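Worksheet: one structure, shown below.
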Amino acid sequence: MLTDYEKAKYNRQIMIPGFGEEGQKKLKRACVFLAGAGGLGSAVATYLVAAGIGTLRIADHDIIEPSNLNRQVLHWDKDVGQKKVDSASRKLRQLNEAVTIEPIAETIASDNVSRMVAGCDIIVDAMDNLPTRYILNKAALEKDIPFVYGAVYGFEGRVMTIIPGKTACLNCLYHGAVPPRGVFPVIGVVPALIGCIQATEVIKYIVSLGELLTNRLLVYDGLSMKFTELHADRDPNCEHCHQVERSGN
Amino acid sequence: MSIKMNISPVFLQYTNNQRVVEVEGTNVGEALDHLTNKFPSMKNWLFDKKSKLLDHINIYVNGHSAYPENLGKPIKDGDEISIIFMVGGG
Ligand SMILES: [Zn+2]
């Protein structure tokens, strides 16, 4: 059920053909797992919360540093030194009081990821490093939860949506060893844009609208202002996909 | 012979700011050799010490991944090659 206030608040998206009050109810019932409350996470969280997602579970173990503030717009000067999930939760609860925010101030690892994503309808990758993305990719495949990959570097960004067992996964896309975590250059508008594309995918998936960005890697180059779409095929030898098929999922 | 190679903004400093480089070759390996002969500092960004393509570099020919052939993937006149590196920031 939507209250009169909710109907008024979400009126402009309910008006979209195919969305309607049914779509809004689906959003209200949905739980999204957001891995990371940084640059991508700020954009994803802000727009999902404003759109009236039911529950947003945010995992991030980081403390806010000055170097985060050029892009992680949920965190402000006065928040430096605080936990990112605390700062993010505080802002998001003010943005939309009806949304349940579940902060998890833990490091996402192989041994806890399963518990963290349990019960969520979709996982959004807003991490700042590649090894954790692979942990999330594997967990998404194992638990059969759709996964929206997003990443940025400088003026460049990448996005792809993964439907477990059906479309190319992150490991199908990038083979071999993963470069370790490192400091990367970035301008805030890039994660803002990529995060908004990820949030768009989440909303479309939950409301069942449009076509998802599956088997397609979207590459954004802000300097030449070009979007390029590359075909991503499932790799028949992909270890991540294989493991899931072997375990009978 | 005209094969276009799209250069990621990250590598522009090594290609004299050329966003698109015309290369020659009958396969991806030859095209990349052509590129690195023209711009030698690109070599370290694409290959390891044994001249193997780095794991985090993906080559696309006309929007399709060159994997698993990679360097051996045949190319022809009019093809467009993109070098895509794995990105991890957030
Ligand atoms: Zn796979």
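It should be emphasised that the depicted structure is a prediction, and the values quoted were computed from it without experimental measurement. By convention in this document, chain letters (A, B, ...) are assigned in the order of the sequence lines, proteins followed by strands, and residues within each chain are numbered from 1.
Taking A/D221, A/N129, A/L223 one by one and counting their heavy-atom pairs under 4.5 Å with chain B, the maximum is reached by A/D221. Counting heavy-atom pairs under 4.5 Å between each of B/S82, B/S65, B/S8 and chain A puts B/S8 at the top. Chain B forms more heavy-atom pairs under 4.5 Å with one residue of A/Q72, A/R71, A/M127 than with any other, namely A/M127.
Both the backbone and the side chain of B/F85 come within contact range of chain A, with heavy atoms under 4.5 Å apart. Heavy atoms closer than 4.5 Å to chain B are found nowhere in A/N237, neither backbone nor side chain. Heavy-atom distances place no part of A/R216 under 4.5 Å from chain B, backbone and side chain included. Heavy-atom distances place no part of A/I194 under 4.5 Å from chain B, backbone and side chain included. Neither the backbone nor the side chain of A/F155 comes within contact range of chain B; no heavy atom of the residue lies under 4.5 Å from a heavy atom of that chain. Heavy-atom distances place the side chain of A/V219, and not its backbone, under 4.5 Å from chain B.
Closest heavy-atom contact between A/N70 and A/V186: ND2-O, 3.1 Å. Scanning all heavy atoms of the two residues, the minimum distance from A/I53 to A/V99 falls at O-CG2, 3.2 Å. Among all heavy-atom pairs drawn from A/E239 and A/N171, the shortest one is N-ND2, 3.6 Å.
Contacts of B/K38 classified as side-chain contact (heavy atoms from CB on, under 4.5 Å), with partners at least two apart in sequence or in another chain: B/V21, B/H34. Partners of A/E65 by salt bridge (charged side-chain N to carboxylate O under 4.0 Å, His left out), not counting sequence neighbours: none found.
Under a 4.0 Å N-O distance rule, the pair B/K73/B/D79 does not qualify as a salt bridge.
Side-chain atoms of A/R133 do not come within 3.5 Å of backbone N or O of A/D125 as any donor-acceptor pair.
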